[in-house]
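All ligand and atom numbering here is 1-based and tracks the order in the structure. Just so you know, these numbers come straight off a predicted model, no measurement behind them.
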Amino acid sequence: MVQQETKTQVTINLAALANNAKLVRMHAPHSKVLAVIKADAYGHGLLAIAEALNHVDGFAVARLEEGVQLRKAGVRKTVLVLTGFTSPMDVDVFSQYELDAVVHSDYQVDYLNQSQLTQPITVWLKINTGMNRLGVSLNAVKRVHDSLELSAKVRLPIKLMTHLACADDMDSPATNKQVELFDQAVEGLVGEQSITNSAGLIGWKHAQRHWVRPGIMLYGGNPFIGGNDTAGIGLQAVMTLKSTVIALRIVEKGQSVGYGGTWTAKKTSLIATIGVGYGDGYPRHAAEGTPVLINQQKAGLVGRVSMDSINVDVSQLNTVKISDQVTLWGDGLAIEEIAENSETISYDLMCGVTQRVPRLYRKDADGK
Ligand SMILES: *Cc1c(COP(=O)(O)O)cnc(C)c1O
C-alpha cells in the first residue's frame with residue numbers, strides 16, 4: 001500500500017535526532033553516551049533509531065527482548081538491559097547475546113550464581129539513593145558488590161549506577177542528596193559510574209560521570225518540569241504527529257459536538273473534524289482548547305476525543321479545506337503543550353502512538 005502524505009502518520013526527523021545527540025555530547029563532553037531507547041525508542045522505532053544513532057557509545061533498553069532484538073539486527077555496541085534478569089533462564093540469554101545487565105536486587109545475584117555460565121557478563125550494580133524503585137539499599141552495596149566480585153560469572157570491574165528521581169526540578173534538594181549518597185556508597189569502588197538521565201546531565205553537571213543516559217532529550221522532549229522552551233536548549237522535535245481535515249460543518253449556536261455533547265457552540269461556528277483519535281494515541285483526556293496546527297495557525301479542540309477523530313473550532317482561521325494537513329504535535333507545536341493540556345508528559349504521548357500509525361523516516365535537515 002502506498003503511504004499517502006496526507007493520511008494520519010508520524011514523521012520521524014532523523015536530522016533532528018542527530019542534532020539532539022550532538023547536544024548531549026556538548027552538555028556532557030567527558031562522558032560516554034548510553035542512549036536510552038526503551039519502549040520502542042519512546043515510540044520512534046527501536047531499530048530505526050538505534051541505526052540512526054550511530055555515534056553514541058551504547059544503548060539502554062528496559063527489557064531483555066529489546067536487547068536481543070538489537071543484537072539480532074546486528075548492533076555491536078554496549079547494550080544495557082535496565083531491569084536485568086527477571087528469571088533464572090534470562091542469565092544465559094544475557095551471556096549468549098553479550099548484553100549488560102543491571103543488578104538491582106539480591107535475587108538477581110542468586111540467579112547469576114545458579115547459572116552455568118562459561119562466559120562472564122558485564123553487570124551494572126544499581127544503587128537506591130532515594131528513588132525507591134530499583135536498586136540495592138545503601139547499606140547493602142558493599143555486601144552485594146563483594147558477592148558479585150567473588151562470582152566467576154561477572155566481568156570486572158563492576159559498573160555502578162543510580163537513578164535520579166527529581167532531576168527535572170532545578171529547585172529540588174533531592175538531586176544533590178542522591179548524588180552525595182551515591183558518592184558515599186561507591187567510595188573505594190573502581191568501576192565506571194552512571195547517574196544522569198536527560199535532565200540530570202543538563203541540569204546537574206557534577207552528576208555527569210563515565211556514562212550519561214539520555215532518553216527524552218534525544219527525541220526533542222524538554223526534560224524539565226513545565227519546560228516547553230525546547231528551542232532554548234536547542235532541542236528539536238523528532239516526532240511529528242499529523243493528520244488531515246476529513247469533514248467541515250457549520251454548527252449553530254446552542255448545538256453541541258461529539259460524544260456526550262460536552263461542548264456547545266456559543267455562536268455559529270465552523271468545526272473541522274480531524275482523522276486522528278485515541279486509537280492513534282491522541283490523548284483522550286485532552287482538554288477543551290488543546291491546540292492543533294492547521295496551515296500554520298492554531299485551532300482549539302472542542303468536545304470529546306473519539307477513537308478515530310477529534311473536532312476543532314476553526315471559525316477564526318483564514319481558510320480551511322478538506323484534506324488540509326493538521327499537526328497534532330511536533331514540528332511547530334511543542335508536544336509539552338499537548339501533554340500539559342492532557343495532564344500527562346511528553347514521554348507518555350510519544351510512547352502512546354499506536355501501531356496503526358505509520359512512521360515515516362526523514363533524513364534531510366528540514367524533516368520534509
Ligand atoms: C528511562 C531512563 C533514563 C532516561 O530518562 P530520560 O528522562 O528520558 O532522559 C535513564 N535511566 C534510566 C534508569 C531510565 O529508566
Side-chain angles (χ1 to χ4, degrees), residues 17 20-21 23-28 31-44 46 49-50 53 56-64 66-67 78-84 86 99-105 108 123-136 159-170 172 174-175 178-179 182 192-205 207-228 230 233 235 237-239 335-336 339 344-352:
L17 181 74
N20 301 339
L23 279 171
V24 173
R25 291 275 187 214
M26 210 189 74
H27 281 283
S31 303
K32 288 184 274 190
V33 176
L34 200 62
V36 180
I37 55 173
K38 61 196 181 192
D40 203 30
Y42 293 42
H44 294 68
L46 179 73
I49 296 302
L53 283 174
V56 301
D57 302 289
F59 297 108
V61 291
R63 307 262 164 88
L64 176 55
E66 297 171 313
T78 292
V79 173
L80 174 63
V81 178
L82 293 166
T83 45
T86 51
L99 300 167
D100 289 15
V102 165
V103 167
H104 56 77
S105 298
Q108 297 177 313
V123 303
W124 299 54
L125 176 58
K126 187 164 187 177
I127 300 165
N128 174 24
T129 54
M131 174 88 166
N132 289 313
R133 187 178 64 176
L134 299 179
V136 304
K159 293 182 164 63
L160 305 157
M161 68 181 285
T162 192
H163 193 42
L164 299 173
C166 305
D168 57 345
D169 180 0
M170 292 307 297
S172 170
T175 299
Q178 282 195 266
V179 175
F182 179 81
E192 289 183 334
Q193 303 176 359
S194 178
I195 300 179
T196 52
N197 56 5
S198 300
L201 79 90
I202 298 175
W204 310 85
K205 302 265 184 241
Q208 295 173 357
R209 302 294 163 94
H210 303 84
W211 290 87
V212 291
R213 307 190 307 270
I216 196 73
M217 70 178 291
L218 290 171
Y219 311 104
N222 189 315
F224 293 100
I225 282 181
N228 56 13
T230 15
I233 308 179
L235 295 170
V238 175
M239 170 191 284
I335 192 168
E336 288 78 11
T344 187
I345 53 176
S346 60
Y347 302 64
D348 184 27
L349 296 182
M350 289 178 189
C351 290

For [atom], find the nearest protein heavy atom and state the residue, atom name and distance (0.1 Å precision).
atom: atom 1 (C) of ligand 1; answer: K38 NZ, 1.4 Å
atom: atom 12 (C) of ligand 1; answer: H163 CE1, 3.3 Å
atom: atom 9 (O) of ligand 1; answer: S198 OG, 2.5 Å
atom: atom 7 (O) of ligand 1; answer: Y347 OH, 2.7 Å
atom: atom 10 (C) of ligand 1; answer: R213 O, 3.4 Å

Open item on the list: Is it the case that the side chain of E336 and the backbone of S346 share a donor-acceptor pair, with hydrogens and angles ignored and the cut-off at 3.5 Å?
Closed with: no
Open item on the list: If we ignore hydrogens and angles and just use 3.5 Å, is the side chain of S31 paired with the main-chain N or O of R209 as donor and acceptor?
Closed with: yes
TODO: Consider only side-chain N and O atoms of H163 and R213, and report whether a donor and an acceptor are under 3.5 Å apart.
DONE: yes
- [ ] Measure from atom 5 (O) of ligand 1 to every heavy atom in V36, N197, L201, I202 and give the option owning the shortest one.
- [x] N197
Open item on the list: Show me which atoms of ligand 1 lie under 4.0 Å from any heavy atom of Y42.
Closed with: 1 (C), 4 (C), 5 (O), 6 (P), 8 (O)
Open item on the list: Distance under 4.0 Å to a non-hydrogen atom of R133: what atoms of ligand 1 satisfy this?
Closed with: 15 (O)
Open item on the list: Counting only heavy atoms not in R25 (residues, nucleotides, ligands), do more than 12 fall under 6.0 Å from its CZ?
Closed with: yes
N or O pair under 3.5 Å between [X] and ligand 1:
X: K126; value: no
X: I216; value: yes
X: G215; value: yes

Open item on the list: I need the minimum non-hydrogen distance between G84 and A101, along with the two atoms involved.
Closed with: CA-CB, 4.3 Å
TODO: Please report the shortest heavy-atom distance between L46 and V61, naming the atom on each side.
DONE: CD1-CG1, 4.2 Å
Open item on the list: As a test of understanding, state which of L82, I127, V103, L125 forms a side-chain contact (heavy atoms from CB on, under 4.5 Å) with M161.
Closed with: L82
TODO: With rounding to the nearest 0.5 Å, note down the distance linking CD1 in I345 to CG in N222.
DONE: 12.0 Å
- [ ] Could you tell me whether ligand 1 has any atom less than 4.0 Å away from a heavy atom of H104?
- [x] no
